Amino acid sequence: VQLQASGGGLVHTGGSLRLSCAASRFSLDYYAIGWFRQAPGKEREWLSCISFKDGSIFSKDSVKGRFTISTDKAKNTVYLQMNSLKPEDTAVYYCAADPFALYESRFTCPEYEYDYWGQGTEVTVSS
């Protein structure tokens, strides 16, 4: 299982970025993909996830309406579209994967442990 996150960069407040999480050596069909971020001096924070079991999507309340997760199955890639960026969005962003078969159906992807991680892509939002 390999994940490659990309698309980070430097943007001004109010700008947009689209992060990509390219999966290789496995099919997304059996996994959930989550996006996380970690700002300097802060704990890692879950942002959004999608489960390919049923297409369900979950997002943290604080980014709803600004961040949107999507996928291109043909490219085995999951995206995180980030709009109206703020300086407090500055962080290293990571994507992670976990096979949904490990979990009982009552669990949803925000609760998964995510065993497989990409290397992270840095996002800096200037004021």
Side-chain angles (χ1 to χ4, degrees):
V1 174
Q2 288 190 342
L3 297 167
Q4 179 77 32
S6 62
L10 172 64
V11 295
H12 294 297
T13 297
S16 298
L17 284 172
R18 189 179 76 160
L19 306 183
S20 299
C21 177
S24 58
R25 301 187 181 183
F26 73 101
S27 170
L28 291 174
D29 288 344
Y30 306 101
Y31 286 79
I33 302 294
W35 280 101
F36 298 77
R37 68 184 178 190
Q38 188 165 20
K42 295 188 177 181
E43 294 187 352
R44 187 173 64 204
E45 175 185 22
W46 170 80
L47 298 173
S48 187
C49 61
I50 179 169
S51 173
F52 289 89
K53 177 181 180 181
D54 55 10
S56 57
I57 288 174
F58 298 85
S59 295
K60 187 172 184 174
D61 286 346
S62 61
V63 301
K64 282 181 181 177
R66 296 196 301 126
F67 292 7
T68 303
I69 194 170
S70 64
T71 183
D72 185 335
K73 289 290 295 294
K75 295 183 178 180
N76 220 34
T77 298
V78 175
Y79 302 98
L80 185 69
Q81 178 67 44
M82 305 189 298
N83 298 327
S84 302
L85 284 163
K86 308 173 183 179
E88 51 263 44
D89 294 318
T90 294
V92 178
Y93 285 70
Y94 299 89
C95 60
D98 221 12
F100 53 74
L102 294 179
Y103 300 91
E104 297 177 8
S105 58
R106 60 189 174 96
F107 292 103
T108 56
C109 58
E111 301 167 282
Y112 291 1
E113 294 184 354
Y114 293 95
D115 288 337
Y116 305 100
W117 291 81
Q119 86 290 358
T121 185
E122 190 167 0
V123 172
T124 303
V125 184
S126 63
S127 57

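For clarity, every value in this text was computed on a predicted model and none was experimentally measured. Heavy-atom basis, side chains included; hydrogens, waters and symmetry copies ignored.
- Taken from CG in N83 to OG1 in T68, the straight-line distance is 6.5 Å, to the nearest 0.5 Å.
- Scanning both residues, I69 and I57, for their nearest heavy atoms gives CG2-CG2, 3.4 Å.
- To the nearest 0.5 Å, atom CZ of residue R37 and atom CD of residue E45 are 4.5 Å apart.
- For the pair F52 and V78, the minimum side-chain heavy-atom distance is below 4.5 Å.
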- Message: Using ring pair (Phe, Tyr, Trp, His ring centres under 6.0 Å), reason through W117 and F36 one step at a time and then give a plain yes or no.
- Response: CA-CA 10 Å; W117 291 81; F36 298 77; 4.7 Å; yes
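- Taking 4.5 Å as the limit, every side-chain heavy atom of Y112 sits out of range of all side-chain heavy atoms of L102.
- Partners of S48 under the side-chain hydrogen bond (donor to acceptor under 3.5 Å, both in side chains) rule, at least two apart in sequence or in another chain, are S59.
- For residues 112-127, no pair satisfies salt bridge (Lys or Arg N to Asp or Glu O under 4.0 Å), with sequence neighbours left out.
- Residues F67 and L85 have side chains in contact (heavy-atom distance under 4.5 Å, counting atoms from C-beta outward).
- A donor-acceptor pair under 3.5 Å is absent between the side-chain atoms of R25 and the main chain of Q2, judged by distance alone.
- Residues S51 and F58 are not in side-chain contact: their nearest non-hydrogen atoms beyond the backbone lie 4.5 Å or more apart.
- Of all the heavy atoms in P99 and Y116, the pair that sits closest is CD-CE1, 4.2 Å.
- Between A97 and Y31, the closest heavy-atom pair is CB-CD2, 4.0 Å.
- In this structure, the side chains of F26 and L3 come closer than 4.5 Å at one or more pairs of heavy atoms.
- Salt bridge status for D61 with K64: present, with a side-chain N to carboxylate O gap under 4.0 Å.
- Using a 4.5 Å heavy-atom cutoff, the side chains of T13 and P87 are in contact.
- In the displayed structure, F107 atom CZ is contacted under 6.0 Å by more than 12 heavy atoms of other residues, nucleotides or ligands.
- The closest donor-acceptor contact from the side chain of S20 to the backbone of Y79 lies at 3.5 Å or more, if one exists at all.
- Rounded to the nearest 0.5 Å, atoms CD1 (I33) and CZ (F100) are 11.0 Å apart.
- Sorted by first and then second residue, the pairs that involve residues 2-81 and meet disulfide bond (SG atoms under 2.5 Å apart), not counting sequence neighbours, are C21-C95, C49-C109.
- The distance from the CG atom of L19 to the CD atom of Q81 is 8.5 Å, given to the nearest 0.5 Å.
- At least one side-chain heavy atom of M82 sits under 4.5 Å from a side-chain heavy atom of V123.
- Of the possible donor and acceptor atoms, one in the side chain of Q119 sits under 3.5 Å from a partner among the backbone N and O of A5.
- Considering all non-hydrogen atoms of both residues, E111 and R106 come closest at OE1-O, 4.0 Å.
- Summarising the geometry, atom CG belonging to L10 is positioned 9.0 Å from atom CG belonging to L17; distances are rounded to the nearest 0.5 Å.
- In this structure, CG on L47 lies 6.0 Å from OH on Y93, to the nearest 0.5 angstrom.
- Counting only distance, with no hydrogens or angles, the side chain of D72 and the backbone of T77 share no donor-acceptor pair below 3.5 Å.
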